**Student:** 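Below is the structure I would like to discuss, written out as structure tokens.
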2 protein chains.
Amino acid sequence: MATLKDVAELAGVSVKTVSNVVNGYSFVKPENERKVREALAATGYKPNVGARNLRRGRTGFIALMVPELSIPYFGELAGGVITAAHTHDWSVLIEQTQGMRDPEVATLASLGPHMVDGAIISPEALLTDDLTHNPTGVPMVLLGEHALDVPIDHVGIDNVQAARIAVRHLISMGRNRIAVIGQNPDRGTATQRLAGYHDALNEVGLTCPPEYVAPAVRYHHRDGAEAMARLLALPEAPDAVFCFNDMLAHGAVRAAAERGYHVPQDIAVVGFDNTEHSKYSLPSLTTIAPDKAALAKAAVNLIHERSNGDSSPVQDVQIPFTLEVRESTTG
Amino acid sequence: MATLKDVAELAGVSVKTVSNVVNGYSFVKPENERKVREALAATGYKPNVGARNLRRGRTGFIALMVPELSIPYFGELAGGVITAAHTHDWSVLIEQTQGMRDPEVATLASLGPHMVDGAIISPEALLTDDLTHNPTGVPMVLLGEHALDVPIDHVGIDNVQAARIAVRHLISMGRNRIAVIGQNPDRGTATQRLAGYHDALNEVGLTCPPEYVAPAVRYHHRDGAEAMARLLALPEAPDAVFCFNDMLAHGAVRAAAERGYHVPQDIAVVGFDNTEHSKYSLPSLTTIAPDKAALAKAAVNLIHERSNGDSSPVQDVQIPFTLEVRESTTG
DNA sequence: CGGCGTATTTACAACGTTGTACCAACGATG
DNA sequence: CATCGTTGGTACAACGTTGTAAATACGCCG
């Protein structure tokens, strides 16, 4: 609880001199510097971050808004953001929204300009209107979601292209009854991935029935399992499925196995996100692997530039990705 | 950026009156309250949290220190902490340590008393010395780790008993060559779980060779896979393995499968933590399931009580757990 | 030795908020 | 009518820090 004042009294100098020593400013007489440093050590002084930031006009925090940290993809992403934030001396405040609009709006509203220096948000259900006049008053970056037509920086991967590559891969292994799991008109990424799916089919003149486009409200294992169950119950079941995230895919794989289908022999599965587990599952999962570290870094860097007054046009940063081919498509 | 002063000028009242309205204090003439509310709306006033906290002497944040958010267990835990924190109007600041001592010590040191109102820490490599004189000056709660002999509140499960139950379960299915994966003298929880393992064996007069105690430095899939590979290469391979977390278990299952072993027929596997994925893996994983929501809630509540001046003796809160029996032990 | 430029230090204000103490107006009471 | 209590409102200081500008000390030149 020692303050600059306490240290100053002990060292016999002014408060400002101590402040100068602490901040490495200006010229301080060696003699005094020594005394101040001793006093600092003796009192165990720690700067009051709140007061400092009040004075400096920054907070030292950035916010990260995600649906749920318990979703591996967001856990991994958050880890990357924290790491990247540290390079700019930022700590990360994490808020969860369960992917629902009300909490998303509420969270944005609570992020006063005085609470954080910036916000990285992963919108799930936000509407364009919710973002048109920046509700936080602070630099923002949108992750993943690209469909919102708002003048806010965005970082993500080319979803259309990624989906195209995933489906091409299925086609190249000779599959021609290719389904998708995860259609959801409320999710911009879903719409884009679906477009990529159709592109890839069209490229080779393949057509698949509309029942092959399986919707999913949430993107959890359970949803993938349920969707797969419905697909396999079709008169003509698909021989490959492209899932819009890895959890859907793992759920789908399990549902298939429960019904006696072998992956990939009977039905091949591709996921999206490349979460840690997908490398070790049985079968291991072929999946689109975005460079999550690069994603986090780019987002944090954008916030950093903006908060330093950069007012260049809105940016849309594309992050590289790869297709990780694993057992679920190599039989 | 509107401040109380701006609002006050617009409404034609004093700054303090606006403050009173904002905080619902005292008696304000309806007439004035109306004017103030109008001015508040007109200016879009948002309180400056930093200034408020400087004045009030609290920060509105608590810190959560974990090894890595990308580890599903910690992702799930963090989600629970955030949820619990919200019930006390706290936001959560998350720091990662990679489970290494230096970052752990550094993080604790950086948590000034003015940065957060409390800290929930999940120590991995911290030594008793690092915690003897509370380095944060703020209420702390230790998670999971119980072996550190320090006067700090602790929340966790009864690791010895949990391990005992897990191993008893393996014994009850007729296995008698039972190994463990995850031994690590630097981890208190590992030591406790190992004790429970030995307890369970002793109860039925079973003895297992020391090679059946497989060490693991980190607790990732890879470590589990490597340990399992070594176990299966023994002259007499085990017919069951108790892994000290789910990731080790999943890695072990995969390693077994790669060598043609069937789980659970040839070798049964039990995990620890019950991460989301374990319900959907192939085979689904039998595991010890701590009540993570309760864990998070208890930790946050402890911080809350302590920060309200509660100075009762150090507490050790035991959180309930169950054994979730799934396919990896039911053949 | 007076004066001047540079090195070092300091007092003061300010960041935006809230607690304290005080002031004003009012009606009610003796 | 003087006093008092209640209700409503305000001025001021303070939280701990740092920027600004002004003050002091130092060394050197003429």
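A note on names: the letters A, B, ... follow the listed sequences, proteins ahead of strands, and every chain is numbered from 1. These numbers come from a predicted model, not from an experiment.
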**Student:** Heavy atoms under 4.0 Å is the rule here; annotate nucleotides 15-21 of chain C 5' to 3' with B where the base is hit, S where only the sugar-phosphate is, and - elsewhere.
**Tutor:** BBBBBB-
**Student:** Would you indicate whether B:Lys297, at its atom NZ, is surrounded by more than 12 heavy atoms from other residues, nucleotides or ligands within a distance under 6.0 Å?
**Tutor:**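 Result for NZ/B:Lys297: open.
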**Student:** Would you call A:Lys292 and A:Glu276 a salt bridge, taking side-chain N to carboxylate O under 4.0 Å as the test?
**Tutor:** no
**Student:** Reckon A:Thr17 has a side-chain N or O less than 4.0 Å from the OP1 or OP2 of C:dT10?
**Tutor:** yes
**Student:** Using the ring centroid of each side chain, check whether A:Phe61 and B:Phe61 are separated by less than 6.0 Å.
**Tutor:**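 Close enough - the centres of the two rings lie under 6.0 Å apart.
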**Student:** Taking the side chain as C-beta and beyond, is there a heavy-atom pair between B:Met65 and B:Leu143 under 4.5 Å?
**Tutor:**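 No, too far: nothing below the 4.5 Å cut-off.
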**Student:** Using whole Å, report how far CG of A:Asn32 lies from C1' of C:dA7.
**Tutor:** 12 Å
**Student:** Keeping A:Asp273 on the side-chain end and A:Thr275 on the backbone end, is there a donor-acceptor pair under 3.5 Å?
**Tutor:**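 Not confirmed, A:Asp273 side chain does not pair with A:Thr275 backbone.
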